[in-house]
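Read the numbers this way: they start at 1 and go in the same order the structure lists the ligands and their atoms. Keep in mind the model is a prediction, meaning the values are calculated, not measured.
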Amino acid sequence: MFEVKDYSGTKEKDYQLVLKQLDALLEGEKDSTAILANASALLNQFLDEVNWVGFYVWKQDELVLGPFQGLPACIRIPFGKGVCGTAVKERETQRVADVSLFPGHIACDAASQSEIVVPMIVNDTVFGVLDVDSPITNRFDEVDQEYLEKFVNIIEKHLS
Ligand code: SME
């Protein structure tokens with residue numbers, strides 16, 4: 001049974017704990033739906049001030065909605081469109097302090113004010129993205145980016 005932890009250390013220590021939880025949770029599993037479903041649930045119960053946590057998976061030539069926690073969202077996102085499509089195009093994390101200032105941002109949940117999208121690369125190919133939205137501006141700092149990239153690295157390891 002999943003054990004709910006008390007995340008009350010420093011931000012870095014709490015992230016290190018959740019990375020360990022993720023690695024343990026995914027141990028021995030190769031099914032991508034199961035991996036992404038549990039990863040989104042783990043992250044959602046860990047992060048505060050977020051309203052959407054989930055994944056889009058690259059299929060043929062577009063992103064398709066994958067496992068997530070939050071309100072129903074847009075299903076398909078083309079290459080280079082929105083924050084997610086830009087993360088795929090650039091193959092780099094997009095950390096957006098104010099989504100209203102990001103050209104082409106796709107508003108799925110009207111509450112979202114800031115967003116971070118981390119691309120998942122498996123065997124040198126884009127597998128999809130992790131997308132986290134917050135109802136406050138400037139929610140994600142360098143520490144969030146560093147650890148959410150490590151979080152994605154663990155998922156990539158289990159998917160490869
Ligand atoms: N805002 C994203 C779309 C996905 S939702 O936030 C869940 C984007 O601009 O790509």
Can you tell which part of [X] has a heavy atom less than 4.0 Å from ligand 1: side chain, backbone, both or neither?
X: Cys108; result: side chain
X: Asp131; result: side chain
X: Ile77; result: side chain
X: Asp133; result: side chain

Next item on the list: Look at atom CD1 of Ile136 and say whether more than 12 heavy atoms of other residues, nucleotides or ligands are closer to it than 6.0 Å.
Entry: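 Yes, enclosed.
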Next item on the list: Examine Phe127 together with Trp58 and report whether their ring centres are nearer than 6.0 Å.
Entry: no
Next item on the list: Verify the ring-centre separation between Tyr56 and Phe68: is it less than 6.0 angstrom?
Entry: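 Here the rings of Tyr56 and Phe68 have centres that are no less than 6.0 Å from each other.
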Checklist line | Closest to atom 3 (C) of ligand 1 (judged by heavy-atom distance), picking from Ile106, Thr86, Val96, Leu71 | finding: Ile106
Checklist line | Heteroatom proximity flag, Val83 to ligand 1, N/O under 3.5 Å | finding: yes
Note to self: Please report whether ligand 1 has a polar contact with Trp52, defined as an N or O pair separated by less than 3.5 Å (distance criterion only).
What the structure shows: no
Next item on the list: Return yes when Phe68 approaches ligand 1 closer than 4.0 angstrom through a heavy atom, no otherwise.
Entry: no
Notebook entry, point to check: Under the side chain to side chain contact (heavy atoms under 4.5 Å, CB included) criterion, do Phe55 and Val129 qualify, and how do the steps go?
Noted result: CA-CA 6 Å; Phe55 297 92; Val129 299; over 6 Å; no
